[in-house]
Amino acid sequence: MAHTLVIVESPTKAKTIRGFLPKDFRVEASMGHVRDLPNNASEIPAAQKGEKWANLGVNTANDFEPLYVVPKDKKKVVKELKDALKGADRLLLATDEDREGESISWHLLQLLGPKVPVQRMVFHEITKEAIGRALASPRDLDMQLVHAQETRRILDRLVGYTLSPLLWKKVAWGLSAGRVQSVAVRLLVQRERARRAFRSGTYWDLKARLEQEGTLFDAKLTHVKGERIAGGSDFDENTGGLKAGSKVRLLEESEARSLRQAVEAALWRVAAVEEKPTVRRPVPPFTTSTLQQEANRKLRLSARETMRAAQSLYERGYITYMRTDSVHLSDQALQASRACVSEKYGKEYLSPSPRQFTTRARNAQEAHEAIRPAGESFRTPAETGLDGRDLALYDLIWKRTVASQMADAKLTMLAVDLEAADATFRASGKRIDFPGFFRAYVEGSDDPDAALEGQEVLLPSLAVGDGPACREVEALGHTTQPPARYSEAALVKMLEKEGIGRPSTYASIIGTIVDRGYATLQNNSLTPSFTAFAVTALLEEHFPDLVDTGFTARMENTLDEISHGKVQWLPYLEGFYKGDQGLEIQVQQREGDIDPGASRTVSLEGLPCVVRIGRFGAYLEKKRVADDGTEELIKATLPQEITPADLDADKAELILRQKAEGPESLGEDPETGDAVYLLFGQYGPYVQRGQVSDENPKPRRASLPKGVNPEDLSLEDALGLLRLPRLLGEHPEGGRIEAGLGRFGPYVVHHKGKGEKDYRSLKADDDVLAVGLSRALELLAQPKRGRGGRTALKDLGTPEGAEEAIQLFDGPYGLYVKQGKVNASLPEGTTAETLTLEQAQELLAAKAATAKGKGRTGAKKATSGTRKAAATKPAASTARKPPATTKTGRLRASAVRVIKAADS
């Protein structure tokens, strides 16, 4: 029976859309991209293996012809789609309506080669009404979007695959460079340099506790003898002193304490009272970028976690499309939002008229709506049936959307100046006269009601001439703080502000930066590594344009112009890569000039040594004169916990001295008589009993738990760590319970017998040297958590013949399955709802095989298999012209012919 075939990207999207389509429609999923540039040498077809450009995947000598291949894990998908097309009388490509979605549809069209009518079906939300509208108005493939995405993909490949091998040779193996990634890393490095250069300043002021008619309030010192006193913003970050030309008075501690005594004894008088009405307007509904920022601030979600959760909500029909730069709301959304306001908060909380916002982001591209709840009426968070992260994110989106149609908040800012002796103080307050949209949403706050209380700072009724009573005055010392490191939210905001990259790619960019060792993410702060310093310095010196924010933003703007047909892609690529100033020539000319020794050296001021990048990380290097008068070179590994901004001369000297002279003993172990030492290694400080010798090649060692200061470590604590694990007692169900310290920190473990062990990590407040049996039993009774402290989403069961169950987790980089020590990420398109035990077994088996490594034989087999596939499936491995060259015009024309022939 003939049917209409609809192809979408994921099984979840397919499942949702299927319920809104006629019965003679069949929906299949492409599982994301079905074709791409080769990812490694094994994917290069036999016919192209000998070509110089093959590893690049782009034939730069032939109009930048890309080499497209079908990855091994997509061959089955392509076959299934071809089989589904055989009985179809129409093909609807229903991938997302952005560059990436348009590109997926174009690749599907090229691979499937349909002989039936083909059209694009586009929608921004998956509801019955939206799908009905999409069916009624299909369109042709937008080749300008395809051109733009392909140019972007080729450009990224040219930058990455040209510069990365250079970094392998000159800095360290396994590093990568990227068009947007390298600029983002530089932003992190620049902030860390600023932290290193920062010099703190100190200043003092006074804080008074006053009372008027039984009401207490605070006031802060602002002037002494009419001269403003210095605050944190008056200091020069590079000197620690006041900025040049500052007309302020810097209070020293002694002066502040003397002034405190004077004002405590003086009479206080109100000199001025000011009330200033002000209005706060709601912020626009979410775009991709602002959603990532706010989810990071409020929910502590990474950009990747936010986008995965948002995609899941979209594909299940809860929100509109989550990759957008637009803050526009449709008429349908405006009506739904305003209905929510009237029902939940009352008509007085509605804005006088529907409120629309203007997109201000640089290079804004998407034409559709802001991210909002889906449908003609919005389900409240409680009505969705969602839970966990999905519920939290939907709640955030619902509140932000509804708040955008609420009335302005009306406030009165209060300021009272008070005089005592020669000093002037100011008391500041804020009164909320009408909360307006604050009732639904306060940016950066989890609880709007609590935020309202926290925002309001009331003052007693005061008039000029009143004399409040002074109850207490404090002299407070302050130290200026270095500029804060970027959080994920702050980095996303900066990238968008500078017009660098696309918001839809920020999640993967930040993930790559962390995965490649350019930064670590701790306490929601991105800290660049010494490797990031070395790579950034090399690129700044030899390829400054590629890490310049202005140059990268202009490149982004050109790519957007290509999508609008204003710029031709081929001349742009030619100019960027070829010619005297092209990237290819620049790399060839400068490679010989780059000294690997210099490139692996990180120059940091104020150190008695240099930092170098080695095969196993960063280390210190210093020349010194030995006792016999000869010069020797000392090298000492830098602990990973020491950041570039925190490395100072004292820390460097301590690490080098320990390496040269050996560590100082903390004392002796009374049980063995061996000395106990504190040492510093690549993974941080640790204690060791005895020294390495022929008789004792591996002395007992123990790492210091996180948060323990090496300078505060006592001999007693060191001995306790060295004697771990320690027995806590017996479990009621049998088997001993111990406390220990492992690779992932302190833990308790229940030995169940026959080699089976049940572990739980200790919490931040627990002390591994003091935790008792009752606390251990309490922890062991809690549900077992996965990596990153995550509770399993689903227990898929224990395969036949296996001892351990397979569990499903949601990590920072998406869904993954775990059995024992083996983890495997779920492929794109696979969801928690569709995953089966058998699929999980296959994923884990493949991951285990990959981890073991196949050696040279495996590589040969992979190549052979690829050649065989290339011979039998030419469409999957033949180089294709980009769709905008003269020759590509044939592809474009053929695609159009398929559509037009079908229409006729």
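- Using a 4.5 Å heavy-atom cutoff, the side chains of Ser30 and Ile104 are in contact.
- Side-chain atoms of Glu383 come within 3.5 Å of backbone atoms of Thr380 as a donor-acceptor pair (strictly under, hydrogens ignored).
- A donor-acceptor contact shorter than 3.5 Å is absent between the side chain of Thr412 and the backbone of Ile432.
- No side-chain donor-acceptor contact under 3.5 Å links Ser342 to the backbone of Lys347.
- Looking at Glu129 and Arg133, no side-chain N of the basic residue comes within less than 4.0 Å of a carboxylate O on the acidic one, giving no salt bridge.
- No side-chain heavy atom of Thr536 sits less than 4.5 Å from a side-chain heavy atom of Tyr518.
- A side-chain donor-acceptor contact under 3.5 Å links Thr401 to the backbone of Ile397.
- Inspection of the Thr643 and Arg485 side chains reveals an N or O donor paired with an N or O acceptor under 3.5 Å.
- For the pair Arg191 and Tyr486, the cation sits on the ring face: its NZ or CZ lies under 6.0 Å from the ring centre, inside 45° of the axis.
- Between the side chains of Ser289 and Glu496, at least one donor N or O sits under 3.5 Å from an acceptor N or O.
- Proximity of Met121 to Leu21: side-chain heavy atoms (C-beta onward) are separated by under 4.5 Å at one or more points.
- Remark: Asp36 does not engage Arg157 in a salt bridge, criterion side-chain N to carboxylate O under 4.0 Å.
- Side-chain atoms of Lys430 do not come within 3.5 Å of backbone N or O of Leu414 as any donor-acceptor pair.
- Salt-bridge formation is detected for the pair Arg304/Asp515: a Lys NZ or Arg NE/NH1/NH2 atom is positioned less than 4.0 Å from an Asp or Glu carboxylate oxygen.
- Listed here is the closest heavy atom pair of Ile562 and Ala148: CG2-CA, 4.0 Å.
- Not one N or O on the side chain of Asn523 forms a donor-acceptor pair closer than 3.5 Å with the backbone of Ser525.
- Judged purely by atom type and a 3.5 angstrom limit, Arg338 has no side-chain atom pairing as donor or acceptor with the backbone of Val402.
- A salt bridge is absent between Arg323 and Glu100: the closest approach of a Lys/Arg side-chain nitrogen to an acidic carboxylate oxygen does not fall below 4.0 angstrom.
- Aromatic ring centres of Phe437 and Tyr349 lie farther apart than the 6.0 Å criterion allows.
- Salt-bridge annotation for Glu369 and Arg372: present, with a side-chain N of the basic residue lying under 4.0 Å from a carboxylate O of the acidic one.
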>> Could you walk me through whether Ser105 and Thr95 satisfy the side-chain hydrogen bond (donor to acceptor under 3.5 Å, both in side chains) test, starting with their C-alpha distance in whole Å, then the side-chain angles of each, then the deciding distance to 0.1 Å, before giving a yes or no?
In response: CA-CA 6 Å; Ser105 284; Thr95 53; 2.5 Å; yes
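- Between Arg139 and Glu102 there is a salt bridge, since a side-chain N of the basic residue sits under 4.0 Å from a carboxylate O of the acidic one.
- Salt bridge status for Asp156 with Arg152: absent, with no side-chain N to carboxylate O gap under 4.0 Å.
- In this structure, Asp560 does not pair ionically with Lys566, as no charged nitrogen and carboxylate oxygen lie closer than 4.0 Å.
- Under a 3.5 Å cut-off, the side chain of Glu97 and the backbone N or O of Tyr321 do not form any donor-acceptor pair.
- Separation of atoms OG1 (Thr306) and CZ (Arg300) is listed at 11.5 Å; rounding is to 0.5 Å.
- Side-chain contact between Asn39 and Pro71 is absent, with no heavy atoms from C-beta onward closer than 4.5 Å.
- For the pair Leu135/Phe25, a side-chain contact is recorded, criterion being any heavy-atom separation below 4.5 Å from C-beta on.
- For the pair Arg179 and Glu556, the salt-bridge criterion is met [side-chain N within less than 4.0 Å of a carboxylate O].
- Two residues are said to be in side-chain contact when any heavy atoms from C-beta on lie closer than 4.5 Å; Ser404 and Leu329 meet this criterion.
- When only modelled atom types and interatomic distance are considered, Ser176 and Gln181 share a side-chain donor-acceptor pair under 3.5 Å.
- Between Val122 and Asp96, every side-chain heavy-atom pair lies at or beyond the 4.5 Å cut-off.
- Formation of a donor-acceptor pair under 3.5 Å by the Ser182 side chain with backbone atoms of Val547 is not found in this model.
- Side-chain contact between Leu393 and Ile319: absent, with no pair of heavy atoms (C-beta onward) separated by less than 4.5 Å.
- With 3.5 Å as the limit, one finds a donor-acceptor pair spanning the side chains of Glu315 and Ser10.
- How far CD of Gln190 is from CG of Leu188: 9.5 Å, rounded to the nearest 0.5 Å.
- For the 3.5 Å distance criterion, the side chains of Arg186 and Thr549 fail to qualify, holding no donor opposite an acceptor.
- A side-chain N or O of Gln332 and one of Glu125 form a donor-acceptor pair less than 3.5 Å apart.
- Using modelled atom types and a 3.5 Å distance limit, the side chains of Arg316 and Ser312 yield a donor-acceptor pair.
- Looking at Arg431 and Asp433, a side-chain N of the basic residue comes within less than 4.0 Å of a carboxylate O on the acidic one, giving a salt bridge.
- Within the 3.5 Å criterion, the main-chain N or O of Gly550 finds no donor-acceptor partner in the side chain of Glu498.
- By the 30° and 60° cut-offs, the orientation of the rings of Tyr318 relative to Tyr394 is perpendicular.
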> Hey, mind stepping through Arg439 and Tyr345 against side-chain hydrogen bond (donor to acceptor under 3.5 Å, both in side chains) and telling me if it holds?
Replying inline: CA-CA 8 Å; Arg439 283 289 307 276; Tyr345 304 107; over 6 Å; no
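- A salt bridge between Asp390 and Arg308 is absent, with no side-chain N of the basic residue lying under 4.0 Å from a carboxylate O of the acidic one.
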